[in-house]
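Here is the structure we will look at.
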Amino acid sequence: MTSFDPLTLVRQNLAALGVTPADEELEQARAEGFLATALAFHQLATGELAAEDLPDLLRDRTPLPAEAPPVPRSSPDPLPDMLALAARLRRGETTSRQLVEQALQRIAEHDTTLNAFQVVFADQALAEAEAADAELARGIDRGPLHGLPVALKDLVDVAGVPTTAGSAVLAGRVAQHDAAVVERLRAAGAIIVGKTRLPEFAYAGSSTNPHYGPVRNPRAPDYDTGGSSSGSAAAVGAGMVVMAIGSDTGGSIRIPAAYCGLVGLKPTFGRVSLVGVFPLAWSLDHLGPITRTVADAAVSLAAITGVDPRDPRTRSVPLPDLASAAQAERLLHRIAVVRSLANGEPPADPDIQRALVPALHSLAQAGATLVPLDLPELLELRVLSAAVAQMEIAALHGPLARAWWERYGEFFRLRLLGCFAYPSWAYVVAQRLAARARDRFAARLAEHGCELLALPTAPNTAPPLGQWSPRSSWLTSPFNLLGWPAISVPAGTTSDGLPVGLQLVAHPWREDLVVAAASIVERAQPAASAT
């Protein structure tokens with residue numbers, strides 16, 4: 001077999017677009033590992049595929065579940081943050097205007113340090129809060145988000161406001177319409193107080209951004225929030241808002257949630273419309289909430305889901321009763337616990353593995369059967385998820401690269417070089433390999449009768465500010481390719497006090513299972529205070 005040099009393809013593909021990267025930049029991309037995914041994909045692609053192996057894009061990635069019994073509920077715990085505020089509003093103990101004023105005050109006090117917000121809508125938010133109070137006074141109640149302050153990642157369109165997607169290139173791009181998720185939040189009565197920071201074009205597992213600066217972790221300000229929903233996690237973690245919308249293409253809701261000791265819920269692919277959201281990779285992008293509690297994530301997801309005729313990815317599948325699932329005390333299901341990915345090596349650093357033991361024990365005490373499994377299939381899914389993402393990023397940025405190349409930040413530009421290291425046939429081959437990997441993974445879980453999967457959210461804790469870990473998405477990205485629902489729930493800390501997240505994954509459309517399991521883990525954890 002002839003040797004494969006990805007830089008040759010990078011040069012050829014970019015030359016066709018009229019872009020000539022410097023040799024030094026190409027060698028830097030190689031040295032920093034930004035071509036590693038293309039090399040790993042090439043090894044997979046040179047294996048055998050049968051002629052009848054269809055591409056994943058021609059199959060139903062998220063088949064409807066068989067009729068399943070509901071998760072048993074129990075007597076509710078004391079109301080958590082979001083629902084407690086909603087109850088206080090309805091008892092007249094506070095007003096939406098007061099809550100928004102408090103949110104704006106916390107932003108003023110903390111954001112000069114944390115750098116969570118790209119833009120704040122102070123006057124508009126106060127006016128909307130007064131309107132929300134007036135509606136409640138007239139008996140109009142839009143649900144648990146009514147009158148509560150929330151935020152959006154700045155790749156979500158708000159009419160009349162620029163959507164930068166963390167870039168300098170788009171700083172002057174003013175949205176003409178609200179994104180679908182904004183429409184749904186407004187219909188639910190939520191008050192959008194601003195838009196939050198992210199790395200350039202959401203393509204990093206850290207907050208690194210040369211244009212707008214990094215985002216500090218509210219739990220440990222000398223450390224990073226993770227990415228790419230960096231500002232959303234910091235805003236929730238610092239108590240600036242009760243919920244923030246993030247996007248997740250390879251883990252960008254779950255990673256910052258884990259690093260900041262929060263809950264991050266990525267729903268099933270097709271559960272939430274992506275209309276009006278600047279894409280990273282069309283077939284892998286998801287939207288979901290970052291919150292302080294599992295119940296808050298459940299009610300937030302319920303507010304933003306639903307089929308959207310403008311987005312053919314959405315499906316008309318009823319959302320399970322997540323409010324009941326969040327009150328579950330028993331979970332009589334088999335849970336695959338990832339013991340290793342390959343060669344007996346644990347999926348995460350030893351300190352993280354130790355921190356997760358009590359969380360897993362709480363699931364067993366609730367009635368779950370824990371099934372330790374070695375799952376090398378996750379390695380293949382990770383490579384394919386990253387490769388598909390890179391090829392879709394190249395497809396998005398290719399037509400723009402000639403005009404934008406010198407305006408991209410250095411880190412994004414280096415990562416983008418790796419996206420052009422694929423031959424013309426690679427995308428369809430990746431889809432065929434993905435279909436095979438999906439079947440193998442599902443068969444492994446079915447063989448052991450497992451309906452849930454438990455593993456660390458990230459293999460490492462938050463890195464120091466200004467650094468990033470290329471491993472950060474290794475345990476999250478497989479479930480973007482699969483399109484399965486996944487949640488990260490706080491599950492203790494390491495010996496140096498940094499938060500650890502447990503990731504719980506279920507089959508498509510069974511968000512109730514991940515919510516139920518996460519709620520059980522959450523109740524077993526000591527409360528953490530906000531900054």
Side-chain angles (χ1 to χ4, degrees), residues 80-86 99-100 102-111 113-121 125 144-145 147-156 181 185 188 190-198 207 214-221 223-248 251-267 287-301 303-304 326 457 462 487-490 498-499 501 518 522 525 527-531:
D81 295 8
M82 187 180 291
L83 298 182
L85 289 175
L99 293 176
V100 170
Q102 291 166 10
L104 295 174
Q105 181 62 32
R106 288 192 70 83
I107 293 171
E109 291 173 353
H110 296 290
D111 206 41
T113 299
L114 295 178
N115 194 38
F117 276 88
Q118 181 76 17
V119 61
V120 177
F121 311 136
L145 269 66
L148 301 186
V150 304
L152 308 164
K153 187 175 182 175
D154 189 29
L155 45 63
V156 177
V181 69
L185 286 171
I191 310 300
I192 299 168
V193 301
K195 297 173 73 176
T196 58
R197 304 266 199 213
L198 64 153
S207 71
V215 180
R216 292 181 182 272
N217 191 322
R219 289 284 296 273
Y223 288 80
D224 197 75
T225 54
S228 63
S229 302
S230 314
S232 291
V236 174
M240 299 174 183
V241 291
V242 295
M243 182 273 287
I245 295 294
S247 68
D248 192 312
S252 292
I253 289 171
R254 292 160 286 161
I255 295 166
Y259 285 179
C260 296
L262 300 168
V263 176
L265 175 55
K266 181 195 81 66
L287 285 184
I290 296 175
T291 60
R292 294 178 63 80
T293 72
V294 175
D296 290 354
V299 298
S300 299
L301 181 61
I304 62 175
T457 304
I487 193 169
S488 180
V489 61
L498 292 174
E522 179 181 65
Q525 301 298 314
S529 60
T531 297

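Along the sequence shown, residues are numbered consecutively beginning with 1.
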Quick check for you: to the nearest 0.5 Å, what is the distance between [X] atom [atom1] and [Y] atom [atom2]?
X    : Y    : atom1 : atom2 : result
D111 : R216 : CG    : CZ    : 12.0 Å
I487 : L301 : CD1   : CG    : 9.0 Å
L104 : L99  : CG    : CG    : 11.0 Å
T291 : L265 : OG1   : CG    : 8.0 Å
I245 : I304 : CD1   : CD1   : 4.0 Å
T225 : I255 : OG1   : CD1   : 11.0 Å

Under the 3.5 angstrom rule, does the side chain of [X] hit a backbone N or O of [Y] as a donor-acceptor pair?
X    : Y    : value
Q118 : D154 : no
D296 : V242 : no
S247 : L287 : no

Between the side chains of S207 and S230, is a donor N or O closer than 3.5 angstrom to an acceptor N or O?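 No, no side-chain donor-acceptor pair sits under 3.5 Å.
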Donor + acceptor pair across side chains of S252, S229 (<3.5 Å):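 Per modelled atom types, S252 and S229 side chains form no pair under 3.5 Å.
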Quick one: closest heavy-atom pair of [X] and [Y], and the distance?
X    : Y    : answer
T457 : S488 : OG1-OG, 2.8 Å
L262 : A233 : CD1-O, 3.2 Å
A220 : L498 : CB-CD2, 3.9 Å
G288 : I253 : N-CD1, 3.3 Å
A151 : T196 : CB-CG2, 3.9 Å
P490 : V263 : CD-CG2, 3.8 Å

Check D81 with R292, please: is the shortest side-chain N to carboxylate O separation under 4.0 Å?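 Salt bridge present between R292 and D81.
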Heavy-atom side-chain proximity of Y259 to R219 below 4.5 angstrom: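 No, every pair of side-chain atoms sits at 4.5 Å or beyond.
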Between side-chain atoms of residues 234-241 and protein atoms elsewhere (two or more places apart, or another chain), which donor-acceptor pairs fall under 3.5 Å?
none

Take M243 and L145, measure what side chain to side chain contact (heavy atoms under 4.5 Å, CB included) needs, and give me the verdict at the end. CA-CA 9 Å; M243 182 273 287; L145 269 66; 4.0 Å; yes
Decide side chain to side chain contact (heavy atoms under 4.5 Å, CB included) for L152 and L185; before the verdict, give the C-alpha distance in whole Å, the side-chain angles of both, and the deciding distance to 0.1 Å. CA-CA 10 Å; L152 308 164; L185 286 171; 3.7 Å; yes
Among R254, K266, K153, find the residue that satisfies the salt bridge (Lys or Arg N to Asp or Glu O under 4.0 Å) test when tested with D248.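 Of the listed residues R254, K266, K153, the salt bridge (Lys or Arg N to Asp or Glu O under 4.0 Å) partner of D248 is R254.
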Test salt bridge (charged side-chain N to carboxylate O under 4.0 Å, His left out) applied to R197 - qualifying residues, sequence neighbours left out: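 Per chain and number, R197 pairs via salt bridge (charged side-chain N to carboxylate O under 4.0 Å, His left out) with no residue.
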